Amino acid sequence: MPTLWSQTLIPTLRQDPADAEVPSHRLMLRAGLIRQLGSGLYTYLPLGWRAMHKTIEIVREEMNAAGAAEVLMPALEPIELFADTKRDVEYGENLFRLTDRHGRHAALAPTHEEIITELMAAYVESYRQLPLNLYQIQTKYRDEFRPRFGVLRSREFIMKDAYSFDLTVEGLDTSYRAMYDAYCRIFDRCGLTYEIVEAESGPIGGSASHEFMVLCNTGEDTILKSDKGNYAANIDKCAIGPRKWTFDAPPTGDLEKVHTPDCASIEAVGKFMKVKPKHLLKTLIYSTDNGPVIAVVRGDHDVNEGKLKAACGFAVTLDDEACANRYPIGFVGPHLAAARDELNIVVDCDAAQDQFWASGANEIDHHVKHFNWKRDVLDHIDESRIKVADIRKAADGDPSPIGDGGVLREHRGIEVGHVFKLGTKYSDAMGFTVLDEDQKRRSVIMGCYGIGLGRIVAAAIEIGHDADGIIWPASIAPYSVHIVPIKYEGELCKTCLSLAEQLEAAGMDVLIDDRPERPGVKFNDADLIGCPIRLTIGEKGLAQNSVEFKRRADGKAKAELVKLDQVVRRCQEALDI
RNA sequence: CGGGGUGUAGCUCAGCUUGGUAGAGCGCGUCGUUCGGGACGACGAGGUCGCAGGUUCAAAUCCUGUCACCCCGACCA
């Protein structure tokens, strides 16, 4: 049965909602797809929920085709499960916590690694039961510090999360690849253009991971992509190609101390000393299990803690308060290592260069000019205490790490999917082992794979809209055909219903605008909600035994007159079905 | 969490400085005229002005508190 506009709820808005900033949020509100209930909380209205349903169906089909089995786990979970893997601490404030009437502590699940591992540990005891991949489509909860951009960053959202279980690393590779490929098919089918980038795995933990990013300016994530097209990574992960460095440069002058009061930032110091940030050394003190480490990057660069950790071989934390007692935080220079034996030092390649340097003077309210690596540091410490490495965040213009001569360019993206190789983090923490062929107990190797369903819908709108409204990809449009009768009565009405019946018999879903509105209102609403095909039924056309056929993607182009008996075929053609 | 801003009708907003019993446009209802890209006219419905205290003869307006929402920022010395 076709949907009659009058029998559903499509509250289109003429004016832009005041609180919506990005196009997808604005259009989802205006086209009557969603309604905000509170910060980061949205109701999906009929149109939005239909688009979501189609998205979910695509995801489900591809997951099933990839050999995964669907389950449904509780959203509410005992906090103890999180404590087992210490994620109650690692996830921190982002975890929604609550207490029940008995005083039991619980959490609203932001992801389900612990729950699925508990489940699997209970039922899977033999390698013969592996490999397995289970997934669910569930509402997730994250107490975001700042929900924004509509459903793109909300506190409650629908996610598909899958978990794979293998006995061997090779098995994990196969499972990972299967998900990776399934994700490509899913996003292709959803009509998205996307980039696959190397990514950090974050608090989920794990060893390798890729993110599926829809590139658009309103995206919250920053990615870097080689202009040669064969490397792309999240900025948190992105490696930088080989760079030359040296500590052997001659001094640019005598070390000169400058009084720099009230200069709390690189910018302020630079301004005060009339030195560009790229001539300043940014010197940070991190604590590690192996003692404190000085990290040095150029003033206009940022430390990447993941890279620093890799360079040190130990987890690093920046602990200002602890350090403030021992070091002149804010005015530290690399030569502090010469005076303090406990400090090791890691320098980014771009900070180990032959040029004029200014840095902290290791004295409150003072900096120095003409800092020289050899004279002020290398000549005073054992070589083993200093190391040069890639420890900063990559930036636009950096060389691609592939070494193909490519240059990294910065883009913004919406993360719609993420695949991780988890390894045995969860199985170890929760004692999930199986017996192998040799009757030895082995930790199960896991992978996890997420897709933000609401983000697919929003991203599709983000890259598919014009000044008049949404332009849906056919696969996830709420309806494939939108019939607009000039008047919903008599012969016109009959034609609408008969066309709708034929279209639906041919596998299309149909919305009929049966409202007693003026045509202009209906046309504008049709453009706004953006179904791929609009059929206009009017007396003029009917006199020629025809209706007007128009694709939303064609914008203001003139409609095409199509004979009644050709309509179904023309629609199928246009929808590519 | 820090900073800024906003809460008045379903939506977008005015009124607040200088207290006097609440307005516009859109939307909604009835009637009429219209009727192929957001029609026009008439009449009408709709708001305890976020909430709680306080000041005052009188509070949307002033004061205090509180809640909600939005924006910017948030280890980068």
Side-chain angles (χ1 to χ4, degrees), chain A residues 9 11-22 25-26 29-30 32 35-41 92-93 143-150 155 260 262-270 277 280-287 294-305 308 316-324 327-334 336 348 359-367 391-393 395 468-469 484-489 492 513 515-528 534 536-543 547-548 550 555-556 558-559:
Chain A
L9 180 67
T12 56
L13 303 173
R14 288 203 180 193
Q15 280 161 306
D16 276 337
D19 289 340
E21 300 275 308
V22 301
H25 186 199
R26 186 168 48 81
L29 289 167
R30 269 199 68 197
R35 175 176 168 84
Q36 180 172 7
L37 183 66
S39 181
L41 304 173
E93 301 277 274
D143 194 358
E144 292 287 345
F145 72 83
R146 189 175 164 201
R148 58 183 141 179
F149 304 147
R155 296 195 295 168
T260 51
D262 300 324
C263 290
S265 67
I266 285 282
E267 244 174 53
V269 172
L280 278 159
L281 291 172
K282 192 187 280 186
T283 311
L284 296 90
I285 300 179
Y286 284 86
S287 359
I294 294 183
V296 187
V297 297
R298 225 167 66 183
D300 56 336
H301 291 150
D302 295 313
V303 170
N304 179 315
E305 290 189 2
L308 181 61
V316 297
T317 51
L318 197 63
D319 192 347
D320 285 359
E321 284 184 29
C323 287
Y327 309 107
I329 297 297
F331 304 92
V332 173
L336 185 62
D348 183 69
S359 91
N362 298 320
E363 185 181 331
I364 297 290
D365 287 344
H366 289 82
H367 283 76
I391 60 164
R392 69 166 170 90
K393 279 190 188 169
D468 296 317
V484 179
I486 296 303
K487 278 182 203 156
Y488 193 65
E489 57 187 39
L492 297 188
D513 192 345
R515 295 175 299 172
E517 289 288 349
R518 299 167 65 83
V521 173
K522 295 189 184 184
F523 291 146
N524 280 307
D525 274 344
D527 288 343
L528 181 57
R534 190 185 86 197
T536 307
I537 319 291
E539 272 155 0
K540 286 186 210 163
L542 232 45
V547 299
E548 285 165 42
K550 191 168 177 244
K556 296 285 185 201
K558 212 167 173 335

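Here is how names work: the chains are called A, B, and so on, in the same order as the sequence lines, proteins then strands, and each is numbered from 1. Because the structure is a prediction, the values reported are computed rather than measured.
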Other residues, nucleotides, ligands: >12 heavy atoms within 6.0 Å of Arg35(A) CZ: no
Given C71(B), C35(B), C76(B), the nucleotide with the shortest approach to the side chain of Leu284(A): C76(B)
Watson-Crick/G-U partner (both atom distances under 3.5 Å) of U12(B): A24(B)
Closest to side chain of Pro519(A), choosing from C76(B), C35(B), G36(B): G36(B)
5' priority, RNA chain B, between Lys487(A) and His25(A) [closest heavy atom]: Lys487(A)
Whole-Å gap separating P (G27(B)) and CZ (Arg30(A)): 13 Å
Gap between atoms CG and C1', on Leu308(A) and C76(B) respectively (whole Å): 12 Å
Partner of Asp302(A) under side chain to side chain donor-acceptor pair (under 3.5 Å), chosen from Arg392(A), Lys393(A), Lys282(A): Lys282(A)
Out of U12(B), G38(B), G36(B), whichever nucleotide has its closest atom nearest the side chain of Pro17(A): U12(B)
4.5 Å side-chain heavy-atom contact, Phe523(A) and Ile486(A): yes
Over 12 non-hydrogen atoms of neighbours within 6.0 angstrom of CD in Glu363(A): yes
hbond_proxy Arg515(A) side chain to G27(B) base (donor-acceptor, 3.5 Å cutoff): no
C1' spacing across the pair A68(B) / C49(B), given as an integer number of angstrom: 16 Å
Any-strand Watson-Crick or G-U partner of G73(B), both distances under 3.5 Å: C1(B)
Phosphate OP1/OP2 of G38(B): any Gln15(A) side-chain N/O under 4.0 Å: no
Proximity to the side chain of Arg155(A) - top-ranked nucleotide from U12(B), G36(B), C69(B): C69(B)
Comparing Asp525(A) and Val332(A) on RNA chain B - which has the more 5′ nearest nucleotide: Asp525(A)
Pairing partner of G32(B) (Watson-Crick or G-U wobble, both distances under 3.5 Å): C40(B)
Sugar-phosphate only, base, or nothing, as touched by Arg392(A) at under 4.0 Å among non-hydrogen atoms: nothing
Among C69(B), G38(B), C71(B), the one nearest Gln36(A) by side-chain distance: C69(B)
Rounded distance (Å) that lies between atom P of C75(B) and atom CG of Asp302(A): 10 Å
Spacing of the P atoms in U56(B) and G4(B) (rounded, Å): 31 Å
Span that lies between the P atom of A39(B) and that of C35(B), in whole angstrom: 13 Å
Sugar-phosphate, base or nothing in reach of Lys540(A), heavy atoms under 4.0 Å: base
Nearest-nucleotide pick for Lys550(A), side chain only, options being G37(B), C70(B), U12(B): G37(B)
Sugar-phosphate only, base, or nothing, as touched by Asp527(A) at under 4.0 Å among non-hydrogen atoms: base
Gap in Å between the two P atoms, one belonging to G46(B) and one to C1(B), rounded: 41 Å
For G65(B), the Watson-Crick or wobble partner whose two distances fall under 3.5 Å: C51(B)
Check: Leu492(A) main-chain N/O paired with Lys487(A) side-chain donor or acceptor under 3.5 Å: no
Touch class at under 4.0 angstrom, heavy-atom based, for Asp19(A) against every strand present: sugar-phosphate
Protein-nucleotide distance (Asn524(A), atom CG; G37(B), atom P), rounded to Å: 10 Å
P-based separation of G19(B) from A59(B) [nearest Å]: 13 Å
Spacing of CZ belonging to Arg534(A) relative to CG belonging to Asp513(A), to within rounding of 0.5 Å: 10.5 Å
Atom-to-atom span, CD1 of Ile285(A) to C1' of C76(B) - whole angstrom: 14 Å
Whole angstrom value for the distance that separates P of A39(B) from NZ of Lys522(A): 13 Å
Polar pair under 3.5 Å, donor/acceptor by atom type, side chain Glu305(A), base C75(B): yes
d(CZ, Arg148(A); P, G73(B)) in whole Å: 7 Å
Integer angstrom distance from the C1' of A45(B) to that of G27(B): 13 Å
Distance, rounded to the nearest Å, where Glu517(A) contributes CD and G29(B) contributes C1': 14 Å
Heavy-atom side-chain contact between Arg298(A) and Pro277(A) under 4.5 Å: no
Closest listed nucleotide, where the reference is the side chain of Phe523(A) and the choices are G36(B), C35(B), G38(B): G36(B)
Of the listed nucleotides C69(B), G38(B), C28(B), the one nearest the side chain of Val521(A): G38(B)
Distance below 4.0 Å between Arg518(A) side-chain N/O and G38(B) OP1 or OP2: no
Distance-only donor-acceptor test (3.5 Å): side chain Arg534(A), base G36(B): no
Integer angstrom distance from the P of G20(B) to that of U61(B): 10 Å
Phosphate contact (C11(B) OP1 or OP2) by Arg14(A) side-chain N/O below 4.0 Å: no
Check: G36(B) base within 3.5 Å donor-acceptor of Glu548(A) side chain: yes
Given A39(B), C70(B), G37(B), the nucleotide with the shortest approach to the side chain of Ser39(A): C70(B)
Side-chain heavy atoms of Glu517(A) within contact of Asp525(A), under 4.5 Å: no
CD1 on Ile294(A) to OH on Tyr327(A), rounded to 0.5 Å: 8.0 Å
P gap between G29(B) and U64(B), integer Å: 44 Å
